[in-house]
Amino acid sequence: MSSPIVTPQPTTDVPASAALLERATRVIPGGVNSPVRAFRAVGGTPRFMASASGPWLTDVDGNRYVDLICSWGPMILGHAHPDVLEAVNSAAAKGFSFGTPSENEVLLAEEIVSRMDPVDQVRLVNSGTEATMSALRLARGFTGRDVVVKFAGCYHGHVDALLAAAGSGVATFALPDSAGVPRSSAGETIVLPYNDLAALEAAFAERGHEIAAVITEAAPGNMGVVPPAPGFTEGLRRITADHGALLISDEVMTGFRCSPSGYHGLEEHPSGAADLYTFGKVMGGGFPTAAFGGRADVMAMLAPQGPVYQAGTLSGNPVASAAGLATLRGCTPEVYARLDVVSRAIADATSAALTSASVPHTIQWAGSMFSVFFRDAAVTGYDDARDQDTDAFRRFFHAMLGQGVHLPPSAFESWFVSAAHDDAAVDHVLSALPAAARAAATPD
């Protein structure tokens, strides 16, 4: 049954959220536990949510919103999906955490491996950051080299060596790339322009004997969605293989969302796949779990089998694993088809509304993930992503929020939909777009 539409109060009239923010700032830096949530890029009061169901969020003031964040990707089936809820309740009733192996973690690992042909084994961890950090350590241990190559605008979690030109929250706040990062860590990272194979060739020509790995988002989503140019992924595989370096494909965001096998499943790999992959978000179904995995000979370097140490008290948590397994099993062909229908309907209507209001924009895709850039040219890298009208986005964001649609509160983020976005939810988004587009076109 479709949820009734409740129009929120004006964006400045959220007293319960404002009161919680004031309390939070006394005990939590900035009042939030992840920076983009603070609304610093768009201004105003972040909404403190009280509950969520299907495609809807309800804040502590009782206002309801169509959710186009979906917990930054994990809620592919929608909030509080009955099958996932049943799996979580069943697992929790048997114990929250054992500190020992359990069947649920084996089942989740088997599900991931069955979906990803290049992945022979995985190690479960607790966050995407932990997954990329561990994959880097493993690559260094396997190759005996120290230097890592990453691309500007790609975000791989808040790992010291990778928090340079990282897009997303860093772009939003214009922070120094290496604030708090030791020079020794930053010095082992080479940052190159995304989609630029010539720059990568030059880096390997100069320092190829030192480079342990190249890490890339399979399709970046943290500077907005910027898909790899034709031949770019293949070039990464060729160049790394020629120099004995590993290729790490970060699918924390795209994994199991873009297709049953992530963005990997949308590309051809004539020269072979990446050596290591990182996963998160969808594979946890909203719970804090993630994974890294890849070739058996590389994974064999991990303790207790090999010399590269990695551990985690809550890794493979039975409740989180149950949520992830139920979510992945629920990602049927019908689910992916619905994601495509919903995302196209919203993106096409957004473009039409912005065009009608003469607002420059471009929309880019990775599977059903998409971004609306407030500029009239394609975005191929980080410099392009930063060259957009963030003030227009801010006006657009608040106009949508005021009509009951919660977008990501940053121009440097992907929009996400779920299979639970029914026609009523989609129609509500579409009805909000014309006024929001006019707001975007009207300077303060």
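The model shown is predicted, which means the values in this text are computed figures rather than measured ones. Side chains are part of it too, since the values below use all heavy atoms of this structure and drop only hydrogens, waters and symmetry mates.
Panel note: side chain H81, backbone A420; no donor-acceptor pair is recorded below 3.5 Å. D61 contributes a side-chain N or O that, together with a main-chain N or O of A16, makes up a donor-acceptor pair within less than 3.5 Å. Side chain of N195 to main chain of G381: no donor-acceptor pair is present (N/O by atom type, distance under 3.5 Å, no hydrogens or angles). A donor-acceptor pair under 3.5 Å is absent between the side-chain atoms of D146 and the main chain of A212, judged by distance alone. Judged by distance alone, the side chain of R47 and the main-chain N or O of T45 form a donor-acceptor pair under 3.5 Å. Panel note: side chain S134, backbone A131; no donor-acceptor pair is recorded below 3.5 Å. A donor-acceptor pair under 3.5 Å links the side-chain atoms of Q403 to the main chain of A399, judged by distance alone. The closest donor-acceptor contact from the side chain of R137 to the backbone of Q310 lies at 3.5 Å or more, if one exists at all. Between the side chain of S371 and the backbone N or O of E413, at least one donor-acceptor pair lies under 3.5 Å. Although no hydrogens or angles enter the test, the distance criterion places a donor-acceptor pair under 3.5 Å between the side chain of S414 and the main chain of G221.
Considering L57, V417, V405 as possible partners of D67, the one that fulfils the side chain to side chain contact (heavy atoms under 4.5 Å, CB included) test is L57. When L124, L325, V252 are each tested for a side chain to side chain contact (heavy atoms under 4.5 Å, CB included) with M283, only one passes: L124.
Across all their heavy atoms, Y336 and P260 have their closest contact at OH-CA, 3.5 Å. Residue W365 comes nearest to I363 through the heavy atom pair NE1-CG2, 3.7 Å, listed as atom of the first residue, atom of the second, then distance. Minimum interatomic distance between R123 and A303 (heavy atoms only, all atoms of both residues): NH2-O, 2.8 Å. Taking both residues in full, the closest heavy atoms of G31 and A24 are given as O-CB, 3.4 Å, listed atom of the first, atom of the second, then distance. Taking all atoms of both residues into account, the shortest heavy-atom contact from L197 to G231 is CD1-O, 3.8 Å. For S97 against L314, the heavy-atom pair with the smallest separation is OG-CD2, 3.5 Å.
Between the CG atom of N126 and the CG atom of N317 there is a distance of 8.0 Å, given to the nearest 0.5 Å.
Counting non-hydrogen atoms of other residues, nucleotides and ligands closer than 6.0 Å to OH of Y309 gives a total of 12 or fewer.
Residues F256 and M116 meet the side-chain proximity criterion, which asks for heavy atoms closer than 4.5 Å.
If you look at Y155 and F412, their ring centroids are not closer than 6.0 Å.
For the pair R238 and E234, the salt-bridge criterion is not met [side-chain N within less than 4.0 Å of a carboxylate O]. Using a 4.0 Å cut-off between charged side-chain N and carboxylate O, E111 and R115 make a salt bridge.
A perpendicular orientation is assigned to the rings of Y194 and F232, their planes being inclined by more than 60° (bins at 30° and 60°). Between W415 and F370, the two ring planes are tilted [angle within 30° to 60°].
Relative to the ring axis of W72, R37 does not place its NZ or CZ within 45° and under 6.0 Å from the centre.
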